[in-house]
Amino acid sequence: GLRAAVSRYFAGPTHYTTQFYKEVLFNGSQVDTNEVDIMGFYVYPKDIYGKQQINWMSVAGMVENTVEISFYGTIMCVFGMKCYQEIKNLNSMKTRSNQYQSVQKQLFLALVLQTIIPLILMYIPGGFITIFCIADWSIELIGRILCITIALY
């Protein structure tokens, strides 16, 4: 819903991105770009004179993505630490059995793994893509790795 609309607004097709896709992705073929909908950040498009300029919509989109991912990562860490502290407090009570403490530790470990998996498979590769967009580097292998890791997730 809202996330898709924000992504479409910041990274949706523009004249510059359509021209870039025709030149780079479609190798100048006669593909009708109205039939293809590709989204992405194109930070340094070239104007009609071949001079690079900054596409502030792409920059704003990357900042928005970075803030959003950082916010959710912070929330995960804060509540993960709170959960750890509560489990530690519960397990420190002498009235709890060893089996109860073991189950609590296993549940916490499961929560940690559920948090680490998207971090490794989506956020870190996506962060590399953002860094390479800002640096105006294009490393096709990183994009392929991101596609594979998202599919694995």
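The closest donor-acceptor contact from the side chain of Y44 to the backbone of I134 lies under 3.5 Å. Looking at T17, its side chain never comes within 3.5 Å of a backbone N or O of P13 through a donor-acceptor pair. With hydrogens and angles disregarded, no donor-acceptor distance shorter than 3.5 Å links the side chain of S102 to the backbone of N98.
In this structure, L111 shares a hydrophobic cluster with no other residue, the cluster being traced through Ile, Leu, Val, Met, Phe, Trp and Tyr side chains under 4.5 angstrom apart.
Rounding to the nearest 0.5 angstrom, the gap separating the CD atom in Q104 from the SG atom in C83 is 8.5 Å. In this structure, CG on L121 lies 12.0 Å from CD1 on I145, to the nearest 0.5 angstrom. In this structure, CG on L152 lies 11.5 Å from SG on C147, to the nearest 0.5 angstrom. One distance of note links CD1 of I87 with CD of Q106; it measures 11.5 Å at 0.5 Å rounding. Distance check: Y123 OH to T115 OG1 gives 9.5 Å after rounding to the nearest 0.5 Å. The structure places OG of S58 at 10.0 Å from OH of Y42, a figure rounded to the nearest 0.5 Å.
Residues Y153 and I142 fall within the same hydrophobic cluster, defined by Ile, Leu, Val, Met, Phe, Trp and Tyr side chains chained together at heavy-atom separations under 4.5 Å. When hydrophobic clusters are built by joining Ile, Leu, Val, Met, Phe, Trp and Tyr residues whose side-chain heavy atoms come closer than 4.5 Å, directly or via intermediates, L113 is not grouped with L107. No path of Ile, Leu, Val, Met, Phe, Trp and Tyr side chains, each step under 4.5 Å between heavy atoms, connects F71 with V6, placing them in separate hydrophobic clusters. Tracing side-chain contacts under 4.5 Å through hydrophobic residues (I, L, V, M, F, W, Y), one never reaches M76 starting from M81; they form parts of separate clusters. Y72 and I69 fall into different hydrophobic clusters, defined by Ile, Leu, Val, Met, Phe, Trp and Tyr side-chain heavy atoms under 4.5 Å apart, directly or through other members.
The number of heavy atoms from other shown groups lying within 6.0 Å of CD (Q99) does not exceed 12. More than 12 heavy atoms of other residues, nucleotides or ligands shown are found within 6.0 angstrom of CZ on F132.
Closest approach of F10 to A60, counting heavy atoms only: CE2-CB, 3.6 Å. Residues F41 and C133 share a closest heavy-atom pair of O-SG, 4.1 Å.
Residues I117 and M122 fail the side-chain proximity criterion, which asks for heavy atoms closer than 4.5 Å. Contact check for Y16 versus Q53: side-chain heavy atoms found under the 4.5 Å cut-off. Between N65 and M62, the closest side-chain pair of non-hydrogen atoms is not below 4.5 Å. Proximity of V43 to D136: side-chain heavy atoms (C-beta onward) are nowhere separated by under 4.5 Å.
Under the ring pair (Phe, Tyr, Trp, His ring centres under 6.0 Å) criterion, F128 pairs with no residue, sequence neighbours left out. For the side chain to side chain contact (heavy atoms under 4.5 Å, CB included) test, residues two or more places apart in sequence or in another chain that qualify with L146 are P125, I129, T149, I150.
Salt bridge E140/R144: present, at least one basic N to carboxylate O contact under 4.0 Å.
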